[in-house]
Every structure is written in C-alpha cells, then in structure tokens.
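Here it is, the structure, as structure tokens.
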Amino acid sequence: MGNWLVNHWFSAAVLAAWLGINIFLFTYYFLFFDRDERYFYTRAILGSALAWARASAKCLNFNSMLILLPVCRNLLSFLRGTCSCCRRTLRKQLDHNLTFHKLVAYALALLTAVHTIAHLFNLERYNQSQQATDGSLPAVLSKMHLQGSKWLNPIHSNQTTVEYVAFTTIPGLTGVIITLALILMVTSSTEFIRRNYFELFWYTHHLFLVYFAGLVIHGIAGLVRGQTEQSMAEVHPYHCAEYLTQREQNCTHSCCKDPEFGSIPAESWKWVLAPIILYVFERILRVWRARQKVVVKKVVMHPARVLELQMQKKGFCMEVGQYIFINCPAISPLEWHPFTLTSAPEEDFFSIHIRAAGDWTERLIDTFQSETPRIEVDGPFGTASEDVFQYEVAMLVGAGIGVTPFASILKSIWYKFQQADQTLKTKKIYFYWLCRDTGAFAWFNDLLASLEHKMAESGKADFLTYRLFLTGWDTSIANNVALHFDTATDTVTGLRHKTIFGRPMWNMEFAAVAAAHPRSVVGVFLCGPEALAKSLKKSCHQHSSLDPRKVKFYFNKENF
C-alpha cells in the first residue's frame with residue numbers, strides 16, 4: 001500500500017477531488033431542496049423524491065461537463081507539451097484520460113438511474129395528488145391555477161396518465177431519449193464489444209450528440225416548480241399553509257390568497273456550454289488536419305498479415321511513441337482507427353504497422369494488396385511513451401503488435417547513436433517482446449539486428465538488453481531449437497539473443513533490474529493487454545523502495 005501511495009498519490013488526489021465535489025454537490029442540493037421554504041408546497045406533494053431528483057440532476061450536470069474533456073486528444077497533446085517541464089507525476093495523469101472518461105460515464109449511468117427513479121416517484125405522486133378528493137394539502141395544491149401558468153402540479157386532468165406525461169412533455173421525452181442513448185453508449189463500450197464489434201461501438205458512441213442535445217433542452221419546460229419570490233412575500237407557507245385546507249369561502253385573512261408557483265430555471269446548458277464549444281473546435285481541427293493530403297510512399301506486407309505503410313504529409317511533426325488515427329474512405333468514410341507510429345522523428349516519413357485483427361483491418365490489408373487507396377490521417381497525438389527518454393533506465397514491454405511504439409523508440413535510439421547525441425539521458429534499456437507465433441517476430445528482426453550491430457560498433461553493446469518470449473509453439477519448433485541449441489544465433493529469429501519459450505517471470509526480471517540499478521528511476525512502459533498491465537503494476541509496486549534514494553519503478557501504459 002505504501003508503494004502504491006508513492007507512485008499514485010496524485011491520481012488518488014484527483015479521484016478524491018472528483019468524488020468530493022460530487023458528494024458536496026449532492027449533499028448541498030439535497031439539503032437545499034429538502035429544506036428551502038420556496039419548495040415547501042412542492043415537498044407537500046412529492047416528499048423527499050424532490051431532493052433526490054434535484055441533487056442527482058446537479059451531479060449529472062457536473063459530470064456531463066467533464067465527460068468530453070478526457071477525449072479531446074488535441075487538448076491533451078497540448079497539455080502534455082506545456083507540461084514537458086513539469087514533474088512526471090503531473091504528466092502521467094494525462095495517460096489516465098480514458099480511465100477517467102469511463103469513470104465519469106459510470107457515474108453518469110448511476111446518477112441517471114437515481115434521477116429517473118426519483119422522477120418516476122414524482123410523477124406517481126403528482127398523479128395521486130391530482131386524483132385525490134380528500135381535501136388534503138396535496139389535493140388542494142394540485143387544483144390551483146389549472147387554467148393559468150402559475151400551477152404547481154403539471155398533471156391537470158384525472159384522465160392524464162403518468163405514461164402520457166413521460167412521453168409527451170419535453171422533460172419526459174428528452175429524459176427517455178437521454179437515458180436510452182446513455183444505456184446504448186455504456187453497454188456498447190464494454191471490452192467484448194469494442195474488441196469484436198468495433199463498428200458497433202464506434203457508431204453507437206456518437207449518440208453523445210443526442211445525449212447533449214437532450215440534456216440542454218431537458219429542463220426548459222420546468223415541470224418541477226416552487227413558490228415565486230413575490231408570492232412568498234405575500235403568503236409565506238410557514239404562516240399560511242394551514243389556511244389552504246381550512247379556510248372559509250369568504251375568508252378575509254391575508255393568508256387566504258392562493259400561492260403562485262414558477263418553474264426552476266434550466267441550468268444544464270450553463271454547465272456543458274464551454275466543454276461543447278471546446279469539443280466543437282477539437283472536431284473542426286481534426287477535420288481540417290484530416291483533409292491534408294497524405295502520400296503513401298511505400299507499402300510492405302510482412303509475415304503474419306502485418307501491413308506496413310510509409311507515408312508523408314506536409315507539416316507532419318512527431319515524437320517517439322505517438323499515435324495517429326487512420327481513415328480509408330474507400331472502406332468507410334466515418335470510421336477512424338488508432339495506430340502507433342513505428343517510425344522515428346529523425347526519418348523523413350512516418351510509418352505504421354497494421355495487423356489483421358478485425359473486419360476493418362482485414363479489408364484495409366486486402367485493399368492495399370490490390371491497389372493504393374486514399375488515406376486520411378489525423379494526429380499525431382501524445383502518449384506515455386513520449387517520456388521514455390526522461391528515465392535513466394527504461395523497461396519496454398510489448399505484446400504481439402503492441403511492440404509498435406517501441407519500434408519508434410528503438411529506431412530513434414539508433415539515430416541518436418549515429419549522430420553521437422550527448423543529450424540522451426537514458427543509460428540502459430530492457431526490451432521484452434511477447435509473441436504467440438514465430439511469424440510475428442519476422443518484421444522486427446531487421447531493426448533489432450541493426451541495433452545489435454550499431455551498438456557493438458559504438459562500444460555500447462550493453463546499452464540494450466532485449467528478451468524475446470515465444471508464448472505459443474509446437475513440437476517441431478521445440479525439436480529444431482534443441483537440435484541447434486549450441487549455435488551462435490537464435491534459430492527462430494536469427495538474432496544473438498536466444499528466444500525464450502514461455503512467459504516472463506516478472507518478479508525475477510524486476511528483481512534483476514532493481515539489483516543492477518539500485519539508485520535509479522526506472523520507467524516501465526507497456527503496450528499490451530490489461531492482464532499483463534496488472535502483473536506489471538503489481539511488480540512495480542513490490543519492487544519500488546520507499547526510500548527516495550533507492551530504486552523506483554513507474555508504470556506507464558499506452559491507452560487509445
């Protein structure tokens with residue numbers, strides 16, 4: 001727990017602040033609507049459901065204000081650039097943007113459930129009060145001002161049903177639409193849907209347009225009302241409420257005048273206006289950049305159905321480990337998919353490697369095998385891997401095609417050695433690559449072989465230590481490896497380092513790094529599945545020392 005606090009205190013502070021604001025807003029407005037004298041008569045009909053509905057509405061507005069900010073990619077890249085001189089703890093928070101986006105979305109779902117249930121109780125109580133004939137305060141209030149605009153109960157007829165109000169009024173209809181849109185967005189964002197039916201996730205997620213449009217106009221009609229300030233001054237409920245059920249026909253008391261009611265002003269637009277404007281500018285910038293001409297200079301088909309595209313675009317400027325979004329109008333004019341750049345900033349082109357992993361990537365690879373279609377590019381955008389050269393020691397872990405950001409990093413190191421770059425802070429890199437089949441190694445071998453040769457020539461052969469793990473193999477591969485065990489190069493990759501069969505034992509790997517660099521700050525970078533991320537996080541926590549003078553491991557993960 002101590003190591004967790006050392007590495008994640010700022011994340012915990014951000015989470016605590018977000019939770020604190022939500023709790024404060026809910027508590028403050030719950031007590032406000034549960035006690036404020038302007039809503040005395042409203043509470044007489046609705047009871048505590050009024051406070052539940054209004055308090056959850058305020059929290060919904062707050063979280064709706066936040067939900068768009070973590071997905072403003074250009075904003076995050078700008079902040080990462082302006083924070084480049086800040087402590088890494090502050091920059092690391094930008095890498096949790098999607099985690100925070102999901103957290104806020106789950107909060108929206110929970111608050112929507114509370115808000116909806118509270119309003120269902122409200123509608124039922126409105127209906128019961130309208131139909132009541134017992135002379136009670138709710139019944140009397142429900143019969144007031146039925147022909148004017150100063151009513152309290154929105155249900156004016158005994159024939160009006162709860163369902164009719166829910167589906168014909170602006171608040172009711174927009175509430176139903178907002179709830180359905182939110183349900184579809186949340187359910188289609190599950191890991192299973194995103195991995196196997198990305199198009200469904202992609203299109204359904206754009207219901208956020210419907211959500212925000214409905215949210216802005218949801219409260220315009222003002223069905224939930226309170227007593228007006230002028231009416232309060234004339235007939236205060238604390239003094240006059242009893243006269244409403246007991247007054248005589250020719251009552252002359254000052255309290256005999258009927259109270260008048262007005263709607264609560266709609267406020268949702270005030271909360272979300274600024275984020276919406278910011279997001280609109282974000283999308284305009286994306287569209288403008290995507291329209292810039294992209295020239296595909298080279299197309300390479302690697303083993304294991306991996307497509308390499310080398311491209312050029314005017315004004316394109318990248319850093320190591322960044323990613324871009326790719327669109328192929330010939331396949332789908334609306335779908336954009338993220339891919340990590342595998343080129344180095346020192347090269348005169350930028351490249352990506354695309355593995356066949358779904359309908360869209362399959363069609364893209366098939367298309368490029370027969371022709372060269374038009375490609376649109378948006379980006380580049382910053383990621384955690386940009387900070388790799390800020391660490392004295394770096395551990396790079398890639399799983400399958402997840403090796404792509406580290407291809408960019410290792411290429412950049414190759415160029416830095418060529419140029420004898422003296423500003424390179426990193427003194428040691430440990431590279432781990434996990435693959436299920438031997439074919440996946442093929443496209444990356446040339447780079448590793450070049451690095452081996454160049455570093456040996458430069459007298460820095462120990463700068464890079466890489467370990468390749470084959471997690472899936474058959475008997476023929478195992479027999480071949482055993483037969484050529486004593487050869488100088490590996491039979492699977494042809495490299496100097498031998499391929500290891502099985503998965504890494506991370507505790508041993510981290511212990512070895514900690515022993516070799518007892519006073520260093522080690523950056524651990526992963527591009528791979530969540531299960532592997534959990535193992536690496538755990539190892540980072542276990543092997544980081546509480547003593548600030550000793551080894552510290554900082555975990556970083558690529559997030560799209």
Side-chain angles (χ1 to χ4, degrees), residues 68 70-78 97-98 101 185 188-189 193-209 279-302 305-319 321-343 349-383 401-402 404-405 407-408 527 558-560:
L68 288 177
V71 291
C72 289
R73 297 192 291 265
N74 289 293
L75 173 65
L76 296 179
S77 293
F78 171 76
N97 61 314
L98 292 184
H101 177 72
M185 284 190 288
S188 66
S189 300
I193 297 294
R194 285 191 296 109
R195 294 294 181 189
N196 297 282
Y197 305 97
F198 185 84
E199 292 82 359
L200 177 62
F201 156 75
W202 179 261
Y203 290 118
T204 306
H205 226 59
H206 282 77
L207 288 173
F208 80 92
L209 298 171
Y279 190 77
V280 167
F281 278 112
E282 165 89 9
R283 294 305 289 256
I284 291 173
L285 178 59
R286 290 186 198 177
V287 171
W288 178 78
R289 292 202 307 185
R291 292 293 179 265
Q292 307 303 305
K293 184 179 180 181
V294 176
V295 178
V296 179
K297 302 294 291 184
K298 189 176 182 181
V299 179
V300 181
M301 193 67 205
H302 294 284
R305 292 275 286 173
V306 174
L307 174 71
E308 178 184 357
L309 298 179
Q310 297 183 7
M311 297 166 281
Q312 288 180 330
K313 180 181 178 182
K314 185 178 180 181
F316 189 92
C317 184
M318 64 165 287
E319 297 292 337
Q322 291 187 325
Y323 69 98
I324 58 176
F325 274 78
I326 292 289
N327 170 258
C328 180
I331 297 176
S332 172
L334 298 178
E335 287 187 45
W336 290 81
H337 294 259
F339 295 96
T340 307
L341 291 164
T342 54
S343 52
F349 63 88
F350 61 96
S351 66
I352 58 174
H353 285 69
I354 303 170
R355 177 174 61 89
D359 294 341
W360 189 88
T361 51
E362 289 277 6
R363 291 164 63 189
L364 183 71
I365 292 172
D366 291 339
T367 301
F368 268 98
Q369 286 180 325
S370 58
E371 59 176 315
T372 303
R374 182 168 65 90
I375 290 293
E376 295 181 353
V377 171
D378 182 26
F381 301 106
T383 67
I401 200 65
T404 49
S408 174
C527 189
E558 297 295 312
N559 294 294
F560 295 134

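Just so you know, residue 1 is the first one in the sequence shown, and it goes up from there.
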Check side chain to side chain donor-acceptor pair (under 3.5 Å) between H337 and all other residues, then give those that pass, not counting sequence neighbours.
E335
Gap between atom CD1 of I326 and atom CD1 of I331 - 0.5 Å precision
11.0 Å
Under 3.5 Å, side chain of S408 to main-chain N/O of S343, donor-acceptor pair present?
yes
Should the pair F316 and F350 be assigned to parallel (<30°), tilted (30 to 60°) or perpendicular (>60°) ring geometry?
parallel
Could I get the full list of side chain to side chain contact (heavy atoms under 4.5 Å, CB included) partners for D359, not counting sequence neighbours?
E199
Could you report the tightest heavy-atom contact between L207 and M185, atom names first, then the distance?
C-SD, 3.9 Å
Closest non-hydrogen contact found for I365 with R355 is CD1-C, 4.2 Å
Any side-chain heavy-atom pair from V299 and E308 closer than 4.5 angstrom?
no
Can you tell me which residue among I324, I284, N74 is in a side-chain contact (heavy atoms from CB on, under 4.5 Å) with R289?
N74
Do you know which two heavy atoms are closest between I352 and T340, and how far apart they sit?
CG2-O, 3.7 Å
As a quick check of understanding, evaluate side-chain contact (heavy atoms from CB on, under 4.5 Å) for C328 and F368, giving each step before the final call.
CA-CA 11 Å; C328 180; F368 268 98; 5.5 Å; no
What distance separates K298 NZ from T372 OG1, expressed to the nearest 0.5 Å?
13.5 Å
With a distance cut-off below 6.0 Å to the six-membered ring centre and an angular limit of 45° from the axis, does R73 pair with F325 as a cation-pi contact?
yes
With sequence neighbours excluded, residues passing side chain to side chain donor-acceptor pair (under 3.5 Å) with Y197:
none
Measure the OG-CG distance between S351 and L341 for me, rounded to the nearest 0.5 Å.
7.0 Å
By side chain to side chain contact (heavy atoms under 4.5 Å, CB included) - contacts of S370 (at least two apart)
none
Give me the atom names and distance for the closest heavy-atom approach of Q322 to C317.
OE1-O, 4.3 Å
Contacts of type side chain to side chain donor-acceptor pair (under 3.5 Å), residue E319, not counting sequence neighbours:
none
Checking E371 side chain against T367 main chain: does a donor-acceptor pair fall under 3.5 Å?
no
Going by the rule side chain to side chain donor-acceptor pair (under 3.5 Å), which residues pair with S188 if we only count those two or more places apart in sequence or in a different chain?
none
I'd like to check the side chain to side chain contact (heavy atoms under 4.5 Å, CB included) partners of K297; sequence neighbours left out, ordered by chain and number.
V295, Q312
With side chains defined as the heavy atoms from C-beta onward, is the minimum distance between F339 and T361 less than 4.5 Å?
yes
Residues forming a ring pair (Phe, Tyr, Trp, His ring centres under 6.0 Å) with F201, sequence neighbours excluded:
F198, H205
Do M301 and Q369 have side-chain heavy atoms sitting under 4.5 Å apart?
yes
Residues in side chain to side chain contact (heavy atoms under 4.5 Å, CB included) contact with E376, at least two apart in sequence or another chain:
A290, R291, N327, P329, W336, R374
Enter the distance from L75:CG to F381:CZ here, rounded to the nearest 0.5 Å.
11.5 Å
Compare all side-chain heavy atoms of W202 with those of W360 and state whether any distance is below 4.5 angstrom.
no
Closest non-hydrogen atom pair between V71 and R286, with its separation:
O-NH2, 2.9 Å
Distance-minimising heavy-atom pair for P373 and A330:
CB-CB, 4.4 Å
